[in-house]
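To keep things clear, I will list the structure first and then write my remarks on it.
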4 protein chains.
Amino acid sequence: MKERIREQSIQLFAKKGFKETSIQDIVDALKVTKGTFYYYFSTKEQLLNDIHLQYIDDLLNKQEDIINHPSKNSKMKLHEIVYMLISDIEKQGQSALVFFREMRNLSEENLKLIVPKRDQFRLNIQQLIEHGIEKEELRSDLPVDIVTLSILGMTNWSYFWFDPNGRVNDKEVSEIFLKIVLEGLEK
Amino acid sequence: MKERIREQSIQLFAKKGFKETSIQDIVDALKVTKGTFYYYFSTKEQLLNDIHLQYIDDLLNKQEDIINHPSKNSKMKLHEIVYMLISDIEKQGQSALVFFREMRNLSEENLKLIVPKRDQFRLNIQQLIEHGIEKEELRSDLPVDIVTLSILGMTNWSYFWFDPNGRVNDKEVSEIFLKIVLEGLEK
Amino acid sequence: MKERIREQSIQLFAKKGFKETSIQDIVDALKVTKGTFYYYFSTKEQLLNDIHLQYIDDLLNKQEDIINHPSKNSKMKLHEIVYMLISDIEKQGQSALVFFREMRNLSEENLKLIVPKRDQFRLNIQQLIEHGIEKEELRSDLPVDIVTLSILGMTNWSYFWFDPNGRVNDKEVSEIFLKIVLEGLEK
Amino acid sequence: MKERIREQSIQLFAKKGFKETSIQDIVDALKVTKGTFYYYFSTKEQLLNDIHLQYIDDLLNKQEDIINHPSKNSKMKLHEIVYMLISDIEKQGQSALVFFREMRNLSEENLKLIVPKRDQFRLNIQQLIEHGIEKEELRSDLPVDIVTLSILGMTNWSYFWFDPNGRVNDKEVSEIFLKIVLEGLEK
DNA sequence: AATGAATGAGCCTTCATTCAT
DNA sequence: AATGAATGAAGGCTCATTCAT
């Protein structure tokens with residue numbers, strides 16, 4: 001039941017927003033009552049925190065699996081992370097939407113746990129790029145942090161427009177992204 | 001007073017969110033009373049709509065000024081648009097934040113006016129790139145719409161992290177963005 | 001202007017109710033501003049009181065004109081009063097509606113002036129009937145006050161349904177009423 | 001609790017009017033809180049609608065019981081309906097007051113259900129009179145609809161003045177009404 | 001585990017009224 | 001005579017949360 005509440009809430013938060021979704025909305029959708037909700041979650045924010053943690057933990061795990069792979073170079077790993085992010089939209093894009101959009105509804109307390117993980121995800125990419133520079137796979141004349149943020153901008157923004165059933169699929173989008181970022185648009 | 005309410009509201013909406021900001025918060029900050037608010041705005045959503053319109057109209061104007069300039073090529077114009085967006089963060093970054101984040105709080109009715117303008121901004125960039133391809137300034141083997149969205153992702157996402165007083169200034173950030181996008185990261 | 005405000009208010013009060021009509025509604029309909037309203041009336045209730053007084057005074061005047069006529073008998077005078085009430089609906093039925101329906105919005109203070117006049121109107125009819133009984137025009141075995149109230153019920157209620165442009169006109173309605181009251185329905 | 005809210009509201013609506021009675025007034029009188037009110041009724045109008053429906057349904061039921069009685073003539077049935085209405089004042093006169101006075105506070109939507117029932121009640125009386133005319137119990141030279149409305153005027157108006165504890169009781173008032181209507185006042 | 005009645009704080013909005021000009 | 005900005009109290013309604021069962 002706890003899992004069902006979490007899933008349903010992600011759908012509703014993604015569609016209507018955290019504040020705009022009432023506990024009543026959630027329990028109505030599950031055909032249970034408010035008491036049930038409060039049996040599993042102490043507050044509404046607690047639920048949001050749960051969703052955030054689950055999402056970022058899962059993402060970090062997947063990222064580390066990719067990074068720790070021994071026999072691949074940095075460019076390949078970067079490619080895989082971008083693909084992982086884009087392909088994730090189909091499976092749990094709504095979690096991502098909630099993650100990006102509703103973080104401000106968490107208390108200071110809860111943010112202390114989430115923000116470092118979010119930063120970790122970014123820093124992992126940054127290290128990957130630094131590694132690529134060391135190995136002379138990538139150019140060295142640009143500030144790595146800004147480069148990282150530009151790549152994350154591309155991918156994160158796609159949560160707002162990417163349509164898994166659209167003309168261009170997840171694999172193609174991540175390849176286009178990589179081509180732009182690695183090769184550039186200039187002729 | 002109408003302008004003061006708008007300004008103050010942008011600050012608060014950016015900081016706390018639209019739903020999370022009460023009319024009381026707004027009028028308290030201005031040391032007036034709720035009646036005053038409703039003398040100038042018929043509803044809270046009306047105010048949000050005002051803010052959206054003002055922002056996107058201003059943006060479209062600036063963009064068209066750049067695009068209509070006769071003696072510059074597509075790459076230069078693209079550079080100027082990106083710089084315009086980044087440098088804007090300092091002056092009205094909070095408007096942008098509100099624009100991106102709170103659009104879902106507008107009614108169908110109001111969205112009908114805003115969404116086409118937002119799309120127009122994107123399509124203008126897309127046409128610029130198509131122009132650059134025709135003139136053989138830019139490579140032609142990537143889908144232009146996705147390319148456009150990737151650039152917008154980069155720039156729009158910077159609203160969440162760019163600090164005008166940080167280590168790297170607006171001019172530098174936009175140059176880095178352009179280098180990545182045009183030249184690529186590969187060595 | 002004072003008169004225009006009064007007229008417009010009667011229309012609006014009749015249509016939407018006293019509480020449901022705002023000062024703004026009134027001044028909007030007259031294309032003036034709220035300041036103007038408060039130049040002529042000190043409060044909203046003051047206006048309502050004015051309307052009540054004007055209506056009941058006018059009614060009492062008309063009634064006394066009829067009653068004081070020397071050469072008519074009680075039945076004829078009763079007939080004329082009933083006709084006066086019904087035909088009034090066309091000219092100032094909305095005032096009557098407001099009078100009956102909105103009296104509860106007057107303060108104790110103001111009621112002290114209105115209620116005695118309303119009672120006077122009823123007592124005048126009662127005396128007329130008593131006169132008719134004395135003159136042996138009317139039967140004497142029924143309590144005069146109840147009889148009076150039953151006639152007033154008939155006429156007052158017609159404010160809710162009588163349509164001056166309907167199948168049966170004011171003259172006919174008052175004749176029917178008199179026939180029922182005087183002759184009865186029995187065959 | 002739902003029933004208690006309904007009862008208390010009828011008292012207050014009758015005394016002060018629908019618009020003039022706040023939810024706060026209602027819950028204060030019951031020593032509960034506003035939340036409780038909205039647990040049972042979705043809006044204030046919903047409550048008013050409930051009250052209307054309950055009243056008119058009850059009235060229609062009673063009326064039909066009388067009309068469907070096999071062994072009585074039209075005059076007797078008319079008498080019983082009038083008596084039913086007057087005697088009802090003691091038990092639920094306040095409901096009647098609310099019914100007559102506050103109908104305009106219902107939305108179009110809700111009126112669609114109420115108005116036909118109110119009309120049905122009138123038409124049932126009208127048919128009763130038509131029946132009486134056919135059976136030659138009643139005179140046939142007056143328009144039946146106006147006659148019906150005049151009788152309803154008498155009875156309905158009594159809600160504004162009839163005092164169950166007054167000099168004349170419900171039985172007597174209804175007998176007086178019937179005598180006037182059937183026999184007339186003329187000597 | 002789950003229900004459902006009840007709470008209370010807070011929200012958006014309305015509106016009669018005031019007052020300087 | 002009339003305006004228009006501003007007030008402040010009150011109203012209808014929402015909703016996260018509590019708690020006895």
Side-chain angles (χ1 to χ4, degrees), chain A residues 1-2 4-5 18-28 30-48 105, chain B residues 1-2 4-5 18-28 30-48 105, chain C residues 1-2 4-5 18-28 30-48 105, chain D residues 1-2 4-5 18-28 30-48 105:
Chain A
M1 174 55 55
K2 192 166 186 176
R4 284 184 63 212
I5 294 176
F18 177 73
K19 268 273 173 179
E20 292 77 7
T21 302
S22 69
I23 306 285
Q24 196 62 59
D25 291 337
I26 297 167
V27 297
D28 281 357
L30 292 169
K31 296 200 197 296
V32 294
T33 55
K34 275 198 272 205
T36 305
F37 178 91
Y38 282 95
Y39 182 77
Y40 293 103
F41 297 93
S42 58
T43 68
K44 195 185 173 190
E45 201 203 314
Q46 241 267 354
L47 162 64
L48 185 62
N105 288 295
Chain B
M1 176 53 55
K2 191 166 187 177
R4 284 183 64 211
I5 294 176
F18 176 74
K19 269 274 173 177
E20 292 77 8
T21 302
S22 71
I23 307 286
Q24 197 62 59
D25 290 337
I26 297 167
V27 297
D28 281 357
L30 293 168
K31 296 202 195 297
V32 294
T33 56
K34 269 194 276 204
T36 303
F37 178 92
Y38 282 97
Y39 183 75
Y40 292 101
F41 296 94
S42 57
T43 66
K44 195 184 172 191
E45 200 204 313
Q46 240 263 1
L47 163 64
L48 185 62
N105 289 295
Chain C
M1 175 56 56
K2 191 167 187 174
R4 285 183 63 213
I5 293 175
F18 177 73
K19 269 271 173 180
E20 292 77 7
T21 302
S22 68
I23 307 284
Q24 196 64 58
D25 290 337
I26 297 167
V27 297
D28 280 357
L30 293 169
K31 296 197 198 296
V32 293
T33 55
K34 275 198 271 205
T36 306
F37 178 92
Y38 281 96
Y39 183 78
Y40 292 103
F41 297 94
S42 59
T43 68
K44 196 184 171 191
E45 200 203 313
Q46 240 264 359
L47 162 65
L48 185 63
N105 288 296
Chain D
M1 176 55 57
K2 190 166 187 175
R4 284 183 63 212
I5 293 175
F18 177 73
K19 270 272 171 178
E20 293 77 9
T21 303
S22 69
I23 307 285
Q24 196 62 59
D25 289 338
I26 297 167
V27 297
D28 281 355
L30 292 169
K31 297 203 197 294
V32 292
T33 56
K34 267 193 278 200
T36 303
F37 178 91
Y38 283 97
Y39 183 76
Y40 292 102
F41 297 93
S42 57
T43 66
K44 195 183 171 192
E45 200 204 313
Q46 241 263 2
L47 162 64
L48 185 63
N105 289 296

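Quick note: numbers below take in every heavy atom, side chains included, and nothing from hydrogens, waters or symmetry partners. By convention in this document, chain letters (A, B, ...) are assigned in the order of the sequence lines, proteins followed by strands, and residues within each chain are numbered from 1.
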**Message:** I need the CD-P distance between C/Glu20 and E/dC15, as an integer number of Å.
**Reply:** 10 Å
**Item:** Length of the NZ-C1' vector between B/Lys2 and F/dG4, whole Å
**Value:** 14 Å
**Prompt:** Tell me, do A/Thr33 and A/Val27 make a side-chain contact under 4.5 Å, heavy atoms counted?
**Reply:** no
**Message:** Give me the atom names and distance for the closest heavy-atom approach of A/Tyr38 to A/Thr43.
**Reply:** CE2-CA, 4.3 Å
**Asked** So how far is it from B/Thr36 OG1 to B/Arg4 CZ, rounded to the nearest 0.5 Å?
**Response** 10.0 Å
**Fill in**
Intra- and inter-strand pairing of DNA chain F, written as dot-bracket with Watson-Crick and G-U pairs under 3.5 Å and | for the latter, reads .||||||||||||||||||||
**Request:** Please examine the side chains of C/Met1 and C/Tyr39, heavy atoms only from C-beta on, and report whether any two atoms are closer than 4.5 Å.
**Result:** no
**Request:** Whole angstrom is fine here: how far is it from CG in C/Leu30 over to C1' in F/dT3?
**Result:** 15 Å
Between the protein and nucleotides 17-21 of chain F, which nitrogen or oxygen pairs are less than 3.5 angstrom apart?
| residue | atom | partner | partner atom | Å |
| --- | --- | --- | --- | --- |
| F/dT17 | OP2 | A/Tyr38 | OH | 2.9 |
| F/dT17 | OP2 | A/Lys44 | N | 2.8 |
| F/dT17 | O4 | A/Lys34 | NZ | 3.3 |

**Complete:** Between CZ of C/Arg4 and P of F/dA2 the distance, given in whole Å, is 10 Å
**Message:** When the C1' atoms of F/dT21 and E/dA1 are compared, how many Å lie between them, rounded to an integer?
**Reply:** 13 Å
**Request:** Write down the distance between CD (D/Gln24) and P (F/dA9), rounded to a whole number of angstrom.
**Result:** 16 Å
**Message:** Could you tell me if the side chain of A/Asn105 sits less than 4.5 Å from the side chain of A/Glu45, heavy atoms only?
**Reply:** no
**Prompt:** When the nearest nucleotide of DNA chain F is assigned to B/Tyr40 and to A/Phe18 on a heavy-atom basis, which residue is associated with the more 5' position?
**Reply:** B/Tyr40
**Request:** Side chain of D/Thr36 only, please: which of F/dA1, E/dA1, E/dA6 is the nearest?
**Result:** E/dA6
**Asked** Under the side-chain contact (heavy atoms from CB on, under 4.5 Å) criterion, do C/Lys2 and C/Phe41 qualify, and how do the steps go?
**Response** CA-CA 8 Å; C/Lys2 191 167 187 174; C/Phe41 297 94; 3.7 Å; yes
**Request:** Nearest whole angstrom, please: distance from the C1' of E/dG8 to the CG of D/Asp28.
**Result:** 13 Å
**Message:** Whole angstroms only, please: what is the CZ-C1' distance between C/Phe41 and F/dA2?
**Reply:** 15 Å
**Fill in**
Between A/Ile5 and A/Ile26 the two heavy atoms that sit nearest each other are CG2-CG2, 4.3 Å
**Request:** State, to 0.1 Å, how close A/Phe37 and A/Lys44 come at their nearest heavy-atom pair, and which atoms those are.
**Result:** CZ-CA, 4.3 Å
**Item:** Length of the line joining C/Lys31:NZ and F/dG4:C1', which is rounded to integer Å
**Value:** 18 Å
**Complete:** Heavy atoms of D/Glu20 and D/Asp25 approach each other most closely as O-OD2, 3.8 Å
**Prompt:** 5'-most contact on DNA chain E: D/Met1 or C/Thr21, nearest heavy atom basis?
**Reply:** D/Met1
